[in-house]
Protein chains: 2
Amino acid sequence: MRIGVLAKAAGVSVPTVRYYESIGLLAPPARQGGQRIYGSQALKALNLVRHCRELDFSIDETRDILASVQQRLPCNDTKSFAEKHLGSIRRKIAELRALETTVAALVSGCETTCCGSAAPDCVILQPGRGGT
Amino acid sequence: MRIGVLAKAAGVSVPTVRYYESIGLLAPPARQGGQRIYGSQALKALNLVRHCRELDFSIDETRDILASVQQRLPCNDTKSFAEKHLGSIRRKIAELRALETTVAALVSGCETTCCGSAAPDCVILQPGRGGT
DNA sequence: CTTGAACCTCAAGTGGCTTGAGGCCGTAGC
DNA sequence: GCTACGGCCTCAAGCCACTTGAGGTTCAAG
C-alpha cells in the first residue's frame, strides 16, 4: 500500500509517517518509482506507534517499546515503562492541581477584593501569593 | 543595574532576559558602553513577567497582561484572562486524569494477565483499549 | 494526452527558552 | 601600563513532535 493508505489506516497524517521514518522510528520501506510501498508489518508497527503516542509515551520511549516488541522480549520492560510513565503523569496532575488551586484563589480574591480597580493593584498580579 | 543583577533579582537567567527583550516582552533599556543598564521599573516589569509565567500564562497572555498593567486599565481583563486560563488548566487536568486511569488499568491488567509473556501480546500494547 | 490527486524532498515554523561559539568591556592586582 | 578574569555582547543552533509550505515528480483516469 502507498503512504496515504497506510497513514489513513493508522489514523495519522502523511507527513507524520515520513517524519517517523526520518527519525528512524519506522524502517524505510521499499520504493516503486520513487514512491514508498508498505506491507502489513509496517501498518502494525505504525499502529503500535500511534497507540504509544496516544498513551503519551515520548518518541524515545516508543522507540524502546517498538524494539522490545520486535525482539519479542518478555513484557516486564513494557510494564516498567508504563509504571514510570504513570508516575510522571501523576506528578504532572499534582502540579496542575496546585496551580489550579492558586489561580482559583486569585480569581476569587479579585472578585471579593479588587474587581474593577487598576490592574497594577489587582491581587492576581501581586507576586509571592502563588504556591509555585 | 546591569543585566546580571536584574536577572538575579527577578530569579530568571540572563539569556532569558535578553530573550524577553528580543521578542518585545521587555522594552530595550539604555546602554552604557554597549551594555544594558536597567532601572527599577524594568525590575518591576520582569517580576510581573516571572509571576505570570509561574502561573503558566503563555508569553502572549503575559504580554497582554503587561500592557493592561502599564495602561492601568481596570483589572476585569486580568480576571477574565485568569478565568480562561483556569478553564484550560482544568481541561488539562481532566485529560491527564483520563490518561492516568487508562495507563493504570493497563499496568494492572498486565500484572494479572500477561506479566512475563512476549511483549507483542502484552495488554499494554494492544490497540483500542485506551479511552483516548 | 492531459488533468488532477497523490506523492517526493528540503526548509522553516511552532513555544519558550537553553547552550555554545567567539569576541568585547570593566575592574582589580601587580 | 598590563594582564587576568568575570561579566557582558551578538548570532546561531538545539530541544520536542510535529506541521506547513514551496516547488517538483509520478500515477491513474478520462
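Every chain is numbered from 1 and lettered A, B, ... according to where its sequence line falls, protein lines coming before strand lines. Just so you know, these numbers come straight off a predicted model, no measurement behind them.
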### Message
Please check this pair: side chain of B:T113 against backbone of B:C110, looking for a donor-acceptor N/O pair closer than 3.5 Å.
### Response
no

### Task
Scan A:R2 against the nucleic acid and name what it touches under 4.0 Å (heavy atoms): base, sugar-phosphate only, or nothing.
sugar-phosphate

### Query
So, A:Q126 side chain and A:C122 main chain: donor-acceptor pair closer than 3.5 Å or not?
yes

### Query
Would you call A:E61-A:K84 a salt bridge at under 4.0 Å N-O?
no

### Query
Any donor and acceptor pair, going by atom type alone, linking the side chain of B:R53 with main-chain N or O of B:F57 inside 3.5 Å?
yes

### Those residues of residues 19-43 of chain A lying under 4.0 Å from DNA chain C by at least one heavy atom
A:R31, A:G34, A:Q35, A:R36

### Task
Please list, chain by chain and in numerical order, all residues satisfying salt bridge (Lys or Arg N to Asp or Glu O under 4.0 Å) with B:E100, sequence neighbours excluded.
A:R90

#### Entry: Backbone N/O of A:V103 and side chain of B:H85: donor-acceptor pair under 3.5 Å
no

### Query
Partners of A:R50 by salt bridge (Lys or Arg N to Asp or Glu O under 4.0 Å), sequence neighbours excluded?
A:E54

### Task
Starting at atom CZ of A:R53, determine the distance to atom P of D:dT19, rounded to an integer number of angstrom.
10 Å

### Query
Between the main-chain N or O of A:R18 and the side-chain N or O of A:R36, is there a donor-acceptor pair closer than 3.5 Å?
no

### Query
Of all residues at least two apart in sequence or in a different chain, which pass the salt bridge (Lys or Arg N to Asp or Glu O under 4.0 Å) check with B:R97?
none

### Message
I'd like to know if the side chain of B:H51 and the backbone of A:I124 have a donor-acceptor N/O pair within less than 3.5 Å.
### Response
yes

### Task
For DNA chain C, find the residues of residues 58-66 of chain B with a heavy-atom distance under 4.0 Å and give them by number; none if there aren't any.
B:S58, B:I59

### Query
Taking CZ from B:R18 and C1' from D:dT10, how many angstroms apart are they, rounded to a whole number?
9 Å

### Task
Heavy atoms of chain A, cut-off under 4.0 Å: which first and last nucleotide of DNA chain C, 5' to 3', fall inside that, if you could look?
C:dC7 to C:dT9

